[in-house]
Protein chains: 2
Amino acid sequence: MLELRHLRTLTALHETGSVSRAAKRVHLTQSALSHQIKVLQSHYGLPIIQRRGQSIELTEAGKRLVALSGKVLEEIQTAERDLARISQQTSGSLRIALECHTCFDWLMPIMDAFRQHWPEVELDLVSGFHSDPIKLLEEGGADVVIGSECQRRRGIVHHPLFRFEILAVLAPEHTLRGKRILQAADFADVTLITYPVPEERIDLIRKVLRPAGIHPQRRTAELTVAILQLVASHRGIAALPSWGIKSYVDHDYVIARRIGASGLWSDLYVSTLKETASRPYLRDFLMTAKNACFATLEGIIPLA
Amino acid sequence: MLELRHLRTLTALHETGSVSRAAKRVHLTQSALSHQIKVLQSHYGLPIIQRRGQSIELTEAGKRLVALSGKVLEEIQTAERDLARISQQTSGSLRIALECHTCFDWLMPIMDAFRQHWPEVELDLVSGFHSDPIKLLEEGGADVVIGSECQRRRGIVHHPLFRFEILAVLAPEHTLRGKRILQAADFADVTLITYPVPEERIDLIRKVLRPAGIHPQRRTAELTVAILQLVASHRGIAALPSWGIKSYVDHDYVIARRIGASGLWSDLYVSTLKETASRPYLRDFLMTAKNACFATLEGIIPLA
DNA sequence: CATAGTTATGAGTAGAATTCATTAATAATA
DNA sequence: TATTATTAATGAATTCTACTCATAACTATG
């Protein structure tokens with residue numbers, strides 16, 4: 001009766017607090033999940049979720065099943081790693097090229113876990129700037145690229161990760177603090193604080209400012225914390241992923257504002273060579289990354 | 001990809017050592033399992049089973065999945081017990097009437113586990129002889145009957161447990177030791193050692209001897225070990241389930257012979273009132289009993 | 001009060017898991 | 001050695017069920 005799909009659904013419900021968001025998370029329709037829930041509830045004779053206005057909440061029973069889900073899915077993943085070990089497909093290299101600097105925040109713990117699970121895989125971060133990161137894959141300079149490119153190229157697979165919003169980050173006392181939404185024009189006279197990468201790699205500039213003919217001053221810093229410190233001390237404005245600044249915003253260290261009426265969004269993909277895509281350790285890496293991101297990063301949206 | 005049904009199949013394969021027997025165990029066709037196995041193998045790129053002449057053997061990968069199965073299915077059962085607790089359907093009574101004396105061998109450890117899992121359920125064995133045990137259910141004298149009756153009666157549900165063979169048990173030096181198969185006539189001059197129950201409850205007498213007009217002498221003992229001791233010391237012949245005497249036969253304490261060309265078989269059912277059947281603790285009891293029996297008793301066959 | 005966001009539900013569909021029918025292979029029996 | 005009885009594998013057909021679609025009912029928000 002109970003099936004693994006139910007468990008996956010339950011964790012998604014738990015993490016999203018909404019049937020429709022959970023549906024996106026598991027790549028099904030809202031209706032499908034609603035049916036699943038109904039079946040479960042009538043089978044156990046217990047409510048699993050409880051409507052709380054807009055969103056939903058898990059009942060005690062629901063929470064118990066989420067706990068089960070955690071254990072079971074974990075054990076399955078472990079078993080599948082062991083199967084890879086048995087089939088001796090356990091070595092190789094995973095050199096990661098990171099297009100999005102902030103991503104290092106969530107990537108680091110995942111890399112740590114990965115090293116534990118796949119001691120024979122050579123794990124590395126490919127440093128330096130690369131104008132065409134996908135080319136790196138073809139040339140053998142990297143095994144995966146984490147970036148926003150997703151154009152079809154032969155021999156390349158793009159695994160969708162998630163969509164996220166880029167917010168403008170300001171000092172709490174900044175003169176623009178009154179505006180709920182910042183427009184391109186608001187950036188005319190400010191210093192933009194960014195990572196040290198070319199302009200075409202900064203979404204705010206490429207998608208918003210340059211089309212509007214605005215070219216603000218730039219100042220760079222290597223680390224997210226350094227950028228935030230500069231922002232907080234009135235050296236300028238930054239544009240960073242919502243999940244990358246959440247804790248700073250929550251502590252009123254900085255404030256965040258939407259860019260443009262519908263916001264500035266960016267998509268993240270994990271790109272690999274087609275051959276690499278089937279390797280067990282790559283599948284495991286992908287799975288862990290997705291799970292970890294959806295579990296820990298707020299405000300991200302699943303991609304097709 | 002991997003589904004719970006695969007795990008159930010894997011344990012069945014492990015316990016039976018044969019695809020067709022495993023199929024019976026999970027109530028599917030041999031073909032279905034064969035397809036399942038194929039899917040799994042091609043998905044993991046690994047053989048799961050290996051043909052060993054008639055029977056099959058699990059590969060290392062298969063064994064790893066069986067281990068997974070054990071853990072996962074166990075955790076699910078535990079979670080479902082907790083759900084019952086949450087829905088407060090956790091108390092009631094489970095008074096068991098045992099028609100088959102030998103069954104106590106496998107029932108006892110199950111009862112011990114049950115007591116742990118359902119401390120609020122009043123667990124008991126109903127003692128004494130009952131001419132119509134099913135009537136006990138209707139009269140409220142017992143909650144479940146473990147026996148071989150399965151005639152349809154309104155308000156009663158018979159949950160099939162398994163089919164087993166009843167073997168004649170002889171002292172190793174018995175004069176009949178030369179015969180591979182015993183016929184009714186062979187019992188003409190022997191003493192039959194049985195549990196202290198009426199003749200109509202002894203399958204050997206009801207199905208074989210009485211139809212052949214043979215009425216051997218009887219001597220009774222309460223316990224299986226006592227019966228076997230009498231047999232070993234040449235006081236007579238007994239007729240007991242194959243799984244009940246396995247260890248004694250393996251140690252050459254007694255020998256066992258088939259009764260009639262196709263053997264003497266008996267079916268076991270767990271019968272309850274329809275209302276009782278839906279209680280969580282009853283479902284749990286049934287599930288545990290089936291699993292335990294198929295895991296530990298050799299030579300039993302699943303029923304429809 | 002309209003609108004954009006939810007969740008719930010019944011009907012229809014598509015896809016996958018199972019059965020059926022058959023073949024090939026292995027072990028037991030004569 | 002031939003014969004019979006089991007067992008597993010495979011492809012085609014079928015059955016079933018989980019999903020999508022379309023829609024209704026409902027809730028917050030401006």
Side-chain angles (χ1 to χ4, degrees), chain A residues 1-10 12-44 46-59 62 163 165 179-181 258 261-263 299 301-302 304, chain B residues 1-10 12-43 46-59 62 163 165 180-181 258 261-263 299 301-302 304:
Chain A
M1 167 71 280
L2 182 75
E3 289 295 333
L4 292 182
R5 93 186 85 95
H6 295 128
L7 297 184
R8 287 186 242 274
T9 295
L10 261 301
L13 284 169
H14 175 68
E15 284 173 7
T16 61
S18 134
V19 179
S20 26
R21 262 172 290 163
K24 289 209 186 84
R25 173 93 178 70
V26 296
H27 304 298
L28 289 173
T29 59
Q30 168 271 127
S31 174
L33 289 223
S34 216
H35 283 293
Q36 281 192 10
I37 295 166
K38 199 185 175 189
V39 167
L40 278 184
Q41 297 192 140
S42 65
H43 179 250
Y44 290 116
L46 274 169
I48 303 291
I49 61 170
Q50 201 177 342
R51 295 197 60 160
R52 301 271 291 178
Q54 279 292 31
S55 60
I56 56 147
E57 210 184 14
L58 289 174
T59 61
R163 166 167 295 176
E165 186 169 7
K179 308 196 78 170
R180 301 258 336 265
I181 292 171
R258 168 160 286 191
S262 51
I301 297 174
Chain B
M1 168 70 278
L2 182 75
E3 289 296 334
L4 292 182
R5 96 187 82 94
H6 295 129
L7 297 184
R8 286 186 243 274
T9 295
L10 261 301
L13 284 169
H14 175 69
E15 284 174 5
T16 60
S18 133
V19 179
S20 26
R21 262 172 291 163
K24 287 207 188 86
R25 172 93 177 72
V26 295
H27 303 300
L28 290 173
T29 59
Q30 168 269 125
S31 175
L33 289 222
S34 214
H35 284 291
Q36 280 191 10
I37 294 165
K38 199 186 176 191
V39 167
L40 278 183
Q41 296 193 140
S42 66
H43 179 249
L46 277 168
I48 304 291
I49 60 170
Q50 202 178 342
R51 293 198 61 160
R52 302 271 291 179
Q54 279 291 32
S55 60
I56 57 150
E57 209 183 16
L58 289 174
T59 62
R163 166 166 296 174
E165 185 169 7
R180 300 254 340 261
I181 292 172
R258 169 160 284 192
S262 50
I301 297 173

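Letters A, B, ... mirror the listed sequences (proteins, then strands); counts begin at 1.
Within residues 18-30 of chain A, the residues having any heavy atom under 4.0 Å from DNA chain C are, by residue number, A:Ser18, A:Val19, A:Ser20, A:Gln30.
Using a 4.5 Å heavy-atom threshold, the side chains of A:Leu2 and A:Leu7 count as touching. At least one side-chain heavy atom of B:Arg8 sits less than 4.5 Å from a side-chain heavy atom of B:Leu4. Contact check for B:Met1 versus B:Leu40: no side-chain heavy atoms found under the 4.5 Å cut-off.
Checked by atom type, the side-chain pair B:Thr59/B:Gln50 shows no donor-acceptor distance below 3.5 Å.
If A:Lys38 and A:Gly53 are placed on DNA chain C by their nearest nucleotide, the residue sitting closer to the 5' end is A:Gly53.
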With the criterion being N/O to N/O and under 3.5 Å, what pairs connect the protein with nucleotides 15-17 of chain D, and how long is each?
none

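Going from atom CD1 of B:Ile37 over to atom CD1 of B:Ile48 covers 8.5 Å, rounded to the nearest 0.5 Å.
Atom pair B:Gln50:CD and C:dT26:P shows a separation of 13 Å (rounding to whole Å applied). Rounded to a whole Å, the CZ atom of A:Arg52 is 16 Å from the C1' atom of C:dT7. Taking atom CG of B:Leu33 as the reference point, atom C1' of D:dT6 lies 16 Å away to the nearest angstrom. Atom CD1 of B:Ile48 is separated from atom P of D:dA9 by 12 Å (rounded to the nearest Å). Across the protein-nucleic acid pair, A:His35 atom NE2 and D:dC19 atom P stand 10 Å apart, rounded to whole Å. We find that CD of B:Gln54 is positioned 18 Å from P of C:dA24, with the value rounded to whole Å. Between A:Glu3 atom CD and C:dA17 atom P the separation is 10 Å, expressed in whole Å.
With hydrogens and angles left out, the side chain of A:Ser31 and the base of C:dT7 share no donor-acceptor pair within 3.5 Å.
Under the 4.0 Å criterion applied to side-chain N and carboxylate O atoms, B:Glu3 and A:Arg5 are not assigned as salt-bridge partners.
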